[in-house]
Amino acid sequence: MPSLEQTKLAFIGGGNMAIAIIGGLIAQGVPKQGIWVAEPCEVNRNRMATLGVHTTTSNVEAGGHADLVIIAVKPQVAKTVCEELVAAWLQRDTLPLVISIAAGITLETLKGCLQTNDRRVAHCVRVMPNTPALLRQGACGVFASADVTEPEKELVNTLLGSVNQVTEWVDKEELLDVVTGLSGSGPAYFFAMVEHLVASATTLGLQQEQAVRLATQTCLGAGTMLVASSNRPAQLRKNVTSPNGTTHAALQTFEALGFKDIVDKAVTAATNRAAEIGITLGKQ
């Protein structure tokens, strides 16, 4: 498997996640001339063009000769995209490695769509990213089909490392649904928490702009401590909780209102919904 710098890359879909990854790759020194993007929307194509990569409306033109194809389209159009690509690969001796960030599309579904007439199937990897990847602060879960080689996994790690601080490979595909419930949907949980903190502080008299600045920086500071510290989250919580102090009073309120159960039910609901979406898309 060639290095990422020597790999012909094709992005099928030019939305926010694709532009984030491409920006990260270019920042790491991956040559622009080796990157193609197929995107039907003119606005998105123009955004990609400003990065200096090749753009087209044709999935075949972008992905027909690529070594690594990243499918970054809405799940509803993934099947059509795969059928176009596999038709273009019929004359190839070696099929490309395929990375899918199309939410809910299982490897079984993906491989079913990517099988050639002579029954060859591209090696496939599923990725569940999250939106902080737009700032190169992402966390993602990854699952590979059994035929994916170690060199291919290293290539995937390098690509994902351009926008993610954490890349976790899971050993069961259904665990990607848990990753969805945890980190895929997770940013919204923190946004909601900050939203409610601001509302509470504003009700108690702070100006909204002040409350926003204080709450957002508190969230960032706490997250930075979590990343930088060798302590577990539970220990960090204990470190800032004096007996009978202000933090203790707040945490007791959380406990009395069932905060742990609320979080557990929220993550479980997101996980279950991710599984349901995968089943629905598979039937389609």
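Nothing fancy with the numbering, it's 1 onward along the sequence.
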State, with a plain yes or no, whether a side-chain heavy atom of [X] is found less than 4.5 Å away from one of [Y].
| X | Y | value |
| --- | --- | --- |
| I70 | I12 | no |
| V194 | V212 | no |
| R47 | N44 | yes |

| Do Q33 and H54 pass the side chain to side chain donor-acceptor pair (under 3.5 Å) test, and can you show the C-alpha distance, the side-chain angles, and the key distance before you say yes or no? | CA-CA 7 Å; Q33 59 267 29; H54 302 285; over 6 Å; no

Is the number of heavy atoms from other residues, nucleotides or ligands within 6.0 Å of [atom1] ([X]) greater than 12?
| X | atom1 | answer |
| --- | --- | --- |
| Q235 | CD | yes |
| K111 | NZ | yes |
| E5 | CD | yes |
| D261 | CG | yes |
| E108 | CD | no |

What pair of heavy atoms forms the shortest contact from [X] to [Y], and how long is it?
| X | Y | value |
| --- | --- | --- |
| K79 | C113 | CG-SG, 3.7 Å |
| L197 | A215 | CB-CB, 4.4 Å |
| H123 | D147 | CE1-O, 3.0 Å |
| A103 | M128 | CB-CE, 4.4 Å |
| W89 | P96 | CZ2-CG, 3.4 Å |
| P187 | P132 | CG-CD, 3.7 Å |

| Donor-acceptor pair, T109 side chain versus I105 backbone, under 3.5 Å? |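 Checked: no pair found.
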
| query | Does R92 use its side chain to pair, donor to acceptor, with the backbone of G64 at less than 3.5 Å? | reply | yes

| request: Applying side chain to side chain donor-acceptor pair (under 3.5 Å), run through S3 and Q6 and close with a yes or a no. | output: CA-CA 5 Å; S3 68; Q6 300 169 317; 3.2 Å; yes

Salt bridge check, [Y] against [X]: does any charged N sit closer than 4.0 Å to a carboxylate O?
| X | Y | answer |
| --- | --- | --- |
| D93 | R120 | no |
| E42 | R45 | no |
| R126 | E173 | yes |

| Would T271 and T268 satisfy side chain to side chain donor-acceptor pair (under 3.5 Å), going step by step from the backbone distance to the final call? | CA-CA 5 Å; T271 299; T268 300; 6.0 Å; no

Spatial distance of atom [atom1] ([X]) from atom [atom2] ([Y]) [nearest 0.5 Å]:
| X | Y | atom1 | atom2 | result |
| --- | --- | --- | --- | --- |
| T253 | H248 | OG1 | NE2 | 10.0 Å |
| F11 | I21 | CZ | CD1 | 5.5 Å |
| L160 | C140 | CG | SG | 4.5 Å |
| T180 | N272 | OG1 | CG | 11.5 Å |

| Can a cation-pi geometry be assigned to K153 and W169, taking NZ or CZ under 6.0 Å from the six-membered ring centre and within 45° of the ring axis? |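 Judged by the rule (NZ or CZ under 6.0 Å from the ring centre, within 45° of its axis), K153 counts as positioned above W169.
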
| side-chain contact (heavy atoms from CB on, under 4.5 Å) against S58, all qualifying residues, sequence neighbours excluded |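 Scan of S58 (side-chain contact (heavy atoms from CB on, under 4.5 Å), adjacent residues dropped) gives T56, V60, E61.
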
| side chain to side chain donor-acceptor pair (under 3.5 Å) between N231 and R237, worked out | CA-CA 10 Å; N231 289 324; R237 172 181 55 78; over 6 Å; no

| query | So which of L159, L25, T7, I22 actually passes side chain to side chain contact (heavy atoms under 4.5 Å, CB included) with V30? | reply | L25

